[in-house]
Asks: 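Quick one: the structure is below, questions incoming.
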Amino acid sequence: MHCYEQIAPLTERMLVLARAKQWGELPQLEGVYSSMVERLKDIEPLSSLDEAQSARKYALLTRISANSNEIYNMVMPQLAKLVGVMKSLEQQRSLHKAYGQPDDAHLS
């Protein structure tokens, strides 16, 4: 339960950052999130929950899932935009390399 209790507010913090378009801070938090999920995969099969804990786990998972989906829906268009910009820059670089002046042309 401890991991779920930590993951839920972490996804809420990530969601706040995504809504504020503070993309630079998300990768670090995503790393923490991923580490916690991996840890959870290791320890969860070893634990058993009573009915109240199971209900709490379900509520936390619902929150985590909703946050993650909203984050995903905001991040993916930004990633697509970044990929487009990178492709455009690569095309410009290729064109400049093919048709631009050689690096030492300005020395003549």
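Given the structure is predicted, the values throughout are model-derived calculations rather than measurements.
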Asks: To the nearest 0.5 Å, what is the distance between CD (Gln53) and CG (Leu60)?
Replies: 11.5 Å
Asks: Would you give the length of the straight line joining atom CE of Met36 to atom CD of Glu5, rounded to the nearest 0.5 angstrom?
Replies: 10.0 Å
Asks: Taking the side chain as every heavy atom from C-beta outward, state whether Met14 and Leu26 have any pair of such atoms under 4.5 Å apart.
Replies: yes
Asks: For His96 and Gln92, what are the C-alpha separation, side-chain angles and deciding distance, and is it a side-chain hydrogen bond (donor to acceptor under 3.5 Å, both in side chains)?
Replies: CA-CA 6 Å; His96 181 72; Gln92 289 176 11; over 6 Å; no
Asks: Treating Ile, Leu, Val, Met, Phe, Trp and Tyr as nodes and any side-chain heavy-atom pair under 4.5 angstrom as an edge, say whether Tyr72 and Met74 lie in one connected cluster.
Replies: yes
Asks: Could Glu90 and Lys87 be called an ion pair, given the rule that one side-chain N must be under 4.0 Å from one carboxylate O?
Replies: no
Asks: Measuring from atom CE of Met1 to atom CD1 of Ile43, what distance do you get when rounded to the nearest 0.5 angstrom?
Replies: 11.5 Å
Asks: Under 4.5 Å between side-chain heavy atoms, counting indirect links through other Ile/Leu/Val/Met/Phe/Trp/Tyr residues: same cluster for Val32 and Trp23 or not?
Replies: yes
Asks: Do any side-chain atoms of residues 15-22 form donor-acceptor pairs under 3.5 angstrom with protein atoms, and if so which ones, sequence neighbours left out?
Replies:
{"from": "Arg19", "atom 1": "NE", "to": "Glu70", "atom 2": "OE2", "distance (Å)": "3.0"}
{"from": "Arg19", "atom 1": "NH2", "to": "Glu70", "atom 2": "OE1", "distance (Å)": "3.1"}
{"from": "Arg19", "atom 1": "NH2", "to": "Glu70", "atom 2": "OE2", "distance (Å)": "2.9"}

Asks: Please answer: with hydrophobic residues joined when any side-chain heavy atoms are less than 4.5 Å apart, are Ile64 and Val37 in the same cluster?
Replies: yes
Asks: Can you tell me how far apart CD1 (Ile71) and CZ (Arg13) are? Round to the nearest 0.5 Å.
Replies: 11.0 Å
Asks: Could you list the residues that satisfy side-chain contact (heavy atoms from CB on, under 4.5 Å) with Met86, not counting sequence neighbours?
Replies: Leu82
Asks: Is there any side chain to side chain donor-acceptor pair (under 3.5 Å) pair reaching into residues 32-45, and which pairs are they, with sequence neighbours excluded?
Replies: Tyr4-Glu44, Glu30-Ser34, Glu38-Lys41, Glu44-Lys57
Asks: Should Leu29 and Leu79 be regarded as members of a common hydrophobic cluster, given that ILVMFWY residues are connected when their side-chain heavy atoms come within less than 4.5 Å of each other, either directly or indirectly?
Replies: yes
Asks: Distance check, rounded to the nearest 0.5 Å: Leu10 atom CG versus Gln6 atom CD?
Replies: 9.0 Å
Asks: Let me confirm one number: the CG-NE2 distance from Leu40 to His2, rounded to the nearest 0.5 Å.
Replies: 11.0 Å
